[in-house]
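Notes for the one structure printed next.
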Amino acid sequence: KRSGGSCALCYDTHMASGASADQLQLQQDLREALQRGELALHFQPKVSALGGTLHGVEALLRWRHPERGMISPAVFIPVAERFGLIGRIGDWVIEQACEQVASWQAQGLVCRVAINLSAHQLRQPDLARRILSTLERHGLEPSLLVCELTETAMMESIQDGCGVLDELDAAGVRVSIDDFGTGYSSLSYLRRLPASQLKIDRSMVIGVDVDRQARAVLESVVKLAHALDMEVVAEGVETEAQRQVLAEAGCDVLQGYLFARPMDAMALQDWVRGRPT
Ligand code: C2E
Ligand code: CA
Ligand code: CA
Ligand code: CA
């Protein structure tokens with residue numbers, strides 16, 4: 001009541017499900033963030049483990065809140081999912097990422113982009129069709145797009161039988177298993193996932209340079225992924241010692257603060273210009 005009529009409505013529908021006042025406020029703000037242009041994509045480079053050349057970028061969502069400043073996607077994505085806003089936000093991410101890659105391409109910078117998809121988005125049966133038509137509208141080859149999804153989201157999608165992942169895979173969009181090593185890694189299911197890339201989570205990267213057992217796990221994951229014809233990316237690489245172990249273990253692609261932090265599109269162009277090709 002205190003915050004006015006429109007909020008009373010949210011109270012009725014969501015308070016029973018345990019949403020905090022803070023989350024309710026955040027979802028109100030998030031509804032307007034898109035129109036107000038408060039959302040932006042930042043891009044973090046992925047480099048080849050051997051030559052250090054640019055392999056692609058990951059698009060990471062940023063929200064500059066007018067009062068609270070930068071809010072982490074780890075905070076507002078769950079809010080968006082909970083309040084049914086992830087569809088619109090996800091569509092915006094797909095559109096923006098494609099627009100950016102097309103603009104880079106026009107400037108002679110051919111660069112693969114990875115976007116993060118949430119399990120909620122995968123429940124839209126027309127998702128693959130919409131992604132493919134967005135690519136086409138921007139004149140982009142499907143192979144320029146990578147879709148990163150957690151193993152849990154992929155398993156759910158396959159059990160639902162909606163075929164979104166197979167459609168993307170068949171059209172040449174690359175599907176990547178994100179955060180590998182954080183879920184219930186059901187290794188036997190790996191070969192059933194239509195994925196061409198596996199991303200080893202930062203939690204598995206930490207310690208590989210000092211812990212013999214962490215290194216053994218890493219090495220067997222890389223072997224398994226390669227045996228399943230998947231490319232291996234390691235994320236959250238922060239130190240030279242980690243880089244060396246990851247490269248020796250056979251990771252194909254590396255990503256992390258050691259190389260670059262996520263940055264806006266302009267900064268990324270400058271970063272690329274200063275790189276070996
Ligand atoms: P993620 O997909 O695992 O993305 C990697 C996160 O690690 C990013 O955090 C990135 O900034 C951070 N990171 C990269 N290199 C390093 C490093 O060397 N050290 C450390 N400590 N961190 C590193 P960010 O940008 O805060 O994103 C958090 C999560 O939010 C992402 O995790 C992803 O799950 C989600 N997310 C981000 N953008 C989107 C989006 O557009 N859609 C959806 N559905 N989720 C998104
Ligand atoms: Ca990701
Ligand atoms: Ca991660
Ligand atoms: Ca495959």
Side-chain angles (χ1 to χ4, degrees), residues 30 33-34 38-47 55-64 69-100 112-124 127 131 134 145-154 156-157 164 174-183 185 195 197-209 221 231-243 246 251 253-264 267-268 271:
L30 197 48
L34 267 178
E38 292 166 11
L39 296 184
L41 287 184
H42 278 194
F43 301 90
Q44 185 179 34
K46 300 177 180 178
V47 302
H55 180 268
V57 296
E58 177 176 4
L60 293 158
L61 198 50
R62 296 290 176 260
W63 180 13
R64 195 182 294 278
M70 281 291 197
I71 300 180
S72 164
V75 172
F76 71 81
I77 294 285
V79 173
E81 287 174 341
R82 174 164 196 172
F83 293 96
L85 298 171
I86 194 68
R88 268 169 59 206
I89 292 175
D91 286 349
W92 182 87
V93 168
I94 295 162
E95 177 64 32
Q96 285 295 304
C98 289
E99 193 179 309
Q100 188 58 62
R112 213 175 275 131
V113 70
I115 56 172
N116 291 282
L117 295 180
S118 88
H120 291 70
Q121 284 174 275
L122 281 186
R123 289 185 203 127
Q124 311 167 337
L127 180 69
I131 288 178
T134 307
L145 186 70
V146 181
C147 292
E148 297 189 2
L149 299 129
T150 64
E151 201 181 352
T152 317
M154 291 180 107
E156 264 180 44
S157 171
V164 167
R174 312 183 106 206
V175 175
S176 177
I177 306 170
D178 205 356
D179 291 340
F180 186 79
T182 59
S185 301
Q197 188 182 78
L198 183 140
K199 278 190 93 171
I200 296 178
D201 190 66
R202 186 174 106 85
S203 56
M204 269 184 73
V205 166
I206 294 171
V208 285
D209 52 328
V221 167
E231 182 180 64
V232 179
V233 183
E235 72 170 24
V237 186
E238 293 186 351
T239 68
E240 175 55 29
Q242 289 170 344
R243 186 200 65 74
L246 292 162
C251 292
V253 178
L254 307 177
Q255 178 183 1
Y257 295 167
L258 176 66
F259 309 99
R261 291 191 174 243
M263 55 190 121
D264 66 30
L268 185 93
W271 185 87

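These numbers were taken from a predicted model, which means no experiment stands behind them. For the numbers below, each heavy atom of this structure counts, side chains included, while hydrogens, waters and symmetry mates do not. Whatever order the structure lists ligands and atoms in, that order sets their numbers, starting from 1.
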* Please examine the side chains of Asp201 and Phe180, heavy atoms only from C-beta on, and report whether any two atoms are closer than 4.5 Å. => no
* To do: Indicate yes or no for a side-chain donor-acceptor contact from Gln242 to the backbone of Glu238 under 3.5 Å, with no hydrogens or angles considered.
  => yes
* side-chain hydrogen bond (donor to acceptor under 3.5 Å, both in side chains) between Glu58 and Gln44: does it pass, once the steps are laid out? -> CA-CA 5 Å; Glu58 177 176 4; Gln44 185 179 34; over 6 Å; no
* **Arg62 side chain vs Met70 backbone, donor-acceptor pair below 3.5 Å** => no
* Structure fact -> Checking distances from the Ca ion (ligand 3), one finds that the N, O or S atom of Asp201 closest to it is OD1
* Note, Leu41 side chain near Leu61 side chain (heavy atom, < 4.5 Å) -> yes
* Note, Asp178 side chain near Glu235 side chain (heavy atom, < 4.5 Å) -> yes
* Asked: Which protein N, O or S atoms lie under 3.0 Å from the Ca ion (ligand 2)?
  -> Glu58 OE2, Asn116 OD1, Glu148 OE1, Asp178 OD2
* Find the distance between NE2 (His42) and CG (Asp264) and round it off to the nearest 0.5 Å. => 5.0 Å
Which atom pairs, nitrogen or oxygen on both sides, join ligand 1 and the protein at under 3.5 angstrom?
residue  : atom   : partner : partner atom : Å
ligand 1 : 2 (O)  : Glu58   : OE2          : 3.4
ligand 1 : 2 (O)  : Asn116  : OD1          : 3.2
ligand 1 : 2 (O)  : Asp178  : OD2          : 3.1
ligand 1 : 3 (O)  : Asp179  : OD1          : 3.1
ligand 1 : 15 (N) : Gln44   : NE2          : 3.0
ligand 1 : 18 (O) : Tyr257  : N            : 2.7
ligand 1 : 19 (N) : Glu238  : OE2          : 2.5
ligand 1 : 21 (N) : Arg202  : NE           : 3.3
ligand 1 : 21 (N) : Arg202  : NH1          : 3.4
ligand 1 : 21 (N) : Glu238  : OE2          : 3.1
ligand 1 : 22 (N) : Tyr257  : OH           : 3.3
ligand 1 : 25 (O) : Arg62   : NH1          : 2.8
ligand 1 : 25 (O) : Arg62   : NH2          : 2.8
ligand 1 : 38 (N) : Leu61   : N            : 3.1
ligand 1 : 42 (N) : Asn116  : O            : 3.3

* Should Glu240 and Asp209 count as side-chain neighbours, where that means a heavy-atom distance under 4.5 Å? -> no
* **With Ser118 via side chain to side chain contact (heavy atoms under 4.5 Å, CB included) - residues at least two apart** => Glu81, Ile86, His120, Gln121
* To do: Sequence neighbours left out, what passes side chain to side chain contact (heavy atoms under 4.5 Å, CB included) with Glu95? Give chain and number order.
  => Glu99, Thr134, Arg137, His138
